[in-house]
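Below: the structure, in structure tokens.
The shown structure was predicted, so the numbers you read here are calculated from the model rather than taken from an experiment.
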Amino acid sequence: MAAIGSIRKHSTILLIVVAVALLAFILGDFSKRRSNTLYDKFLKISKSNISYNEYVTQLEQMKERYRINSGQQTLSQQEDYEVGTALYNQLVDSVLIAEQSDYLGITVTAEELRGAVSGPNAHEYAQTFFSDGTSYNMQLANQFLDNMDQYDSTVRSRYLELEHYIEREIATNKYVNLITQSFYMPTAFVQKEEEENHLTATIDVLQVPYSNELVSDDKIKVTEADIEKWYKENKYRFVQDKEYREVEYVIFKIEPTMTDLQNIENEVMKTYEEFVASERPQDFVNRMPSSRFDSTYFKQGELQPAIDTMLFNAQEGALVPPFVDGDYWTFAKLLNVRMRPDTLSVASFVITTDKNQQITRTKAEYEAKLDSAITAAKTMVDFNAVSEMFSDYPMAQQPDSGRMDLIDGEPATQYMFDSIMKGKVGDVFTFDVPMYGYTLVVKCEGQTTSVRKIQVAIGKKEIVASQESIDNLESQAHTFVNGLASLADFDKAVVDKNLNKRSFERVEPMTYNLPGMTVNGREIVRWIYDKKTKQGDISNVYALEDMFIVVALKGIYPKGNMSLENEQIRSYAETMAKRDKKATILSDMLTKDMQAGMTLSAIAEKYAVEAQNGIQTSFADYNLSHYGPEQKIIGKLFGQKANHQFVADGEMGVYLIKVTKIDNSSKAVGEEDLSAQKQMMAEQRKMIFNNRVQRSLNTTLQKMVKIEDNRSIAF
């Protein structure tokens with residue numbers, strides 16, 4: 001296959017992640033910038049500034065690649081948002097890895113990069129880029145690299161983006177490997193852990209839980225000072241690395257009324273009568289707003305069950321009357337029944353035309369070569385030999401490179417499938433590809449057994465609310481919001497009108513939508529984060545595709561320590577302050593009982609709890625018997641002497657414990673056993689460490705630098 005044709009064709013199916021020439025974009029010269037400071041430093045990642053214009057240029061390129069890769073003409077709002085998020089993450093990660101690599105002296109040599117692009121173990125994206133149609137072709141890759149200046153700028157640009165991505169991935173892998181290989185498990189740690197794993201204790205224990213009637217919530221009072229004291233001592237628990245905002249909102253869902261449903265059903269029945277009478281049902285369904293005729297021939301089980309059951313074994317012309325399928329009324333007619341194979345196995349090679357930019361060939365020369373190639377393909381048994389003789393990219397040099405399976409129903413190759421299926425095994429066909437300047441010579445080498453397939457015209461009518469119903473719902477939303485001046489008004493109106501109030505506590509500046517919303521809610525999020533929007537404000541009515549929504553800004557929680565103004569933080573702090581007071585009361589009571597010489601069983605009876613005797617626990621345990629996670633208690637009891645009794649407050653309650661025995665029965669670990677134990681433990685710990693690095697590396701690096709993200713002002 002001609003190199004330029006192959007590269008042009010297959011560079012378009014690179015995965016979306018091959019999106020930006022990251023290294024050149026970030027570390028190279030920037031284009032002329034806007035004068036507005038905010039747009040000039042649209043993204044500030046550590047010491048790197050990325051302007052709005054630069055970001056948008058890269059974003060549009062990434063969207064274009066997504067469209068090409070997915071075969072779509074346009075992107076949905078959700079896809080558009082996801083592409084922007086992917087670009088942002090790539091830019092941030094690239095800057096941070098570049099800084100770390102520069103600091104540590106990590107480089108990618110020209111030889112390494114060449115091998116990753118054109119070597120036998122080429123990167124998966126290079127293998128896709130340099131594919132001859134069915135598989136990676138190393139010869140094509142090296143030919144391109146050796147003659148890159150002969151290719152047009154579009155192909156070179158796409159290749160450079162690929163190369164930059166691969167280079168950055170190699171550097172990233174080196175950096176990650178450097179970190180993961182730094183793990184070391186000292187012998188002393190192994191020996192200490194081995195000893196602790198064999199450290200056990202036998203105890204008698206009772207627990208008075210914090211839910212005990214003696215300290216029930218109604219009997220424990222905490223002051224504002226108690227709450228603030230607990231909060232200040234535990235402030236470290238409430239650090240957030242981003243700003244969040246809390247909202248409450250009411251959704252007025254646009255749904256068809258009973259009247260709408262009846263009107264739609266009447267319309268469908270009338271439309272179905274016209275469909276039955278139509279001479280060309282495929283054209284009829286194409287005129288329906290919710291339908292498009294699909295010419296595919298379907299096997300049994302591939303259509304929706306109701307249609308498949310009624311039509312697959314029926315005669316041509318059979319009908320399926322209207323029925324409700326999800327959000328649509330649906331009806332159908334069986335147009336054709338055919339016996340068709342699922343797969344055609346073909347071999348092919350390429351003859352470049354006189355229109356190819358890279359090969360000088362007259363029209364007469366092209367036609368003469370093509371005629372000779374077709375004649376040889378029809379008469380010679382060895383198709384590989386024909387390819388080697390005539391192809392501008394002989395598949396004999398790459399075994400099986402020109403062979404592929406055409407699948408019935410695959411849109412990209414359906415036109416080839418339908419043409420070849422009309423012939424028989426052994427026939428030769430030609431297909432012109434003018435965009436790339438070549439003709440494909442194809443021989444059918446085999447096909448699967450033909451099976452029954454049906455072609456069906458399917459009409460659909462979407463079940464949606466009428467405009468009158470939508471207008472009435474919008475009026476209800478405006479009636480609800482009129483006169484609301486505070487959160488209290490908002491809550492009262494929700495109750496008075498018997499509406500369902502929703503809440504979301506962690507709205508970020510780049511949140512796409514709120515729970516319960518199915519379409520882009522960026523306009524609402526921008527209002528939530530607008531400098532003019534204050535805590536307690538109520539929005540106007542937002543009209544979205546399938547709903548109306550009114551939002552109240554309940555809370556603003558800046559980056560850093562969350563304050564006691566947050567209802568959840570205050571509620572938690574109050575609960576914990578109350579728990580601490582319960583712990584103090586119960587500890588004092590149990591200590592007095594213990595000092596008075598009461599036995600464990602007598603104390604258990606007094607507090608209506610159960611005492612447990614002879615409980616075995618290990619220093620390595622996470623839970624204390626059946627009481628739950630009490631690592632603080634476990635640590636404390638192993639610091640006691642045998643036959644010592646003590647009181648301690650834990651997570652689940654207050655404990656009275658008598659340590660009857662401390663036992664370290666582990667034998668001395670020999671050097672050979674210690675070495676084996678060390679290796680096993682080191683491998684386990686290293687695996688855990690590696691997983692943690694892979695999972696949290698980017699997050700950790702981001703916390704080390706300052707990132708200013710202004711995307712929310714524009715997107």
### Sidechain-backbone polar pair: Thr660 side chain, Thr202 backbone, donor-acceptor under 3.5 Å
yes
*Centroid-centroid under 6.0 Å between Phe715 and Tyr55 rings*: yes
- Item | Glu224 bridged to Arg570 by N-O distance under 4.0 Å | yes
Paired with Val647, the side-chain contact (heavy atoms from CB on, under 4.5 Å) test is passed by just one of Asp593, Val208, Thr591, namely Thr591
If the threshold is 4.0 Å, N to carboxylate O, is there a salt bridge linking Lys554 and Glu505?
no
#### Entry: Validation row: Asp489, Ser486 side chains within 4.5 angstrom (heavy atoms)
yes
Specify whether Tyr125 and His123 have parallel, tilted or perpendicular ring planes, treating 30° as the upper limit for parallel and 60° as the lower limit for perpendicular. tilted
Self-check item: Exercise: do Tyr627 and Gln612 side chains pair donor with acceptor under 3.5 Å
Solution: yes
Checklist line | Any side-chain heavy-atom pair of Met510 and Thr85 under 4.5 Å | finding: no
Keeping Lys219 on the side-chain end and Glu213 on the backbone end, is there a donor-acceptor pair under 3.5 Å? yes
Quiz item: Is the number of heavy atoms from other residues, nucleotides or ligands within 6.0 Å of CD (Gln240) greater than 12?
Solution: yes
Tyr184 meets the side chain to side chain contact (heavy atoms under 4.5 Å, CB included) criterion, sequence neighbours left out, with Pro186, Lys678
Test side-chain hydrogen bond (donor to acceptor under 3.5 Å, both in side chains), reference Tyr557, set Glu243, Lys242, Glu246, output is Glu246
Tell me whether the count of non-hydrogen atoms from other residues, nucleotides or ligands lying under 6.0 Å of CZ in Phe189 goes above 12.
no
Looking at Glu565, I'd like to know if its CD atom is crowded, meaning that more than 12 non-hydrogen atoms belonging to other residues, nucleotides or ligands lie closer than 6.0 Å.
no
Side-chain heavy atoms of Leu91 within contact of Val95, under 4.5 Å:
no
| 4.5 Å side-chain heavy-atom contact, Tyr655 and Leu624 | yes
Query - No-hydrogen, no-angle side-chain donor-acceptor test under 3.5 Å, Glu99 and Tyr103 - result: no
For the pair Asp530 (side chain) and Arg526 (backbone), establish whether a donor and an acceptor sit closer than 3.5 Å, ignoring hydrogens and angles. no
- Is there a donor-acceptor pair closer than 3.5 Å between any side-chain N or O of Asp204 and the backbone N or O of Leu600? no
Hey, are Asp649 and Lys582 close enough for a salt bridge, meaning a charged N less than 4.0 Å from a carboxylate O? no
Return the orientation label for the Tyr512 and Tyr81 ring planes: parallel under 30°, perpendicular over 60°, tilted otherwise. tilted
Side chain to side chain donor-acceptor pair (under 3.5 Å) filter on Ser76, not counting sequence neighbours, yields Glu79
message = Please check: side-chain N/O of Lys581 versus main-chain N/O of Lys221, any donor-acceptor pairing under 3.5 Å?
response = yes
Beyond-backbone contact of Arg502 with Val247, side-chain heavy atoms, under 4.5 angstrom: no
Taking atom types as modelled and ignoring hydrogens, do the side chains of Gln58 and Glu54 form a donor-acceptor contact shorter than 3.5 angstrom? no
Under 6.0 Å from the ring centre and within 45 degrees of the ring axis: does the NZ or CZ of Arg245 meet both conditions for the six-membered ring of Tyr529? yes
Contacts of Asp709 meeting side chain to side chain donor-acceptor pair (under 3.5 Å) (sequence neighbours excluded), chain-then-number -> Arg711
Validation row: Val176, Asn690 side chains within 4.5 angstrom (heavy atoms) | no
Margin query: For the NZ atom on Lys661, are there more than 12 heavy atoms of other groups (residues, nucleotides or ligands in this structure) within a distance under 6.0 Å?
Written below: no
Relative to the ring of Phe238, is the ring of Tyr231 parallel (under 30°), tilted (30 to 60°) or perpendicular (over 60°)? parallel
Do Gln568 and Met562 come close enough that some side-chain heavy atom pair is under 4.5 Å?
-> no
Tightest non-hydrogen contact, residues Met652 and Gln207, listed as CB-NE2, 3.4 Å
Is any side-chain heavy atom of Val654 closer than 4.5 Å to a side-chain heavy atom of Tyr210?
yes
Any side-chain to backbone donor/acceptor pair from Asp621 onto Ser618? Under 3.5 Å, distance only. yes
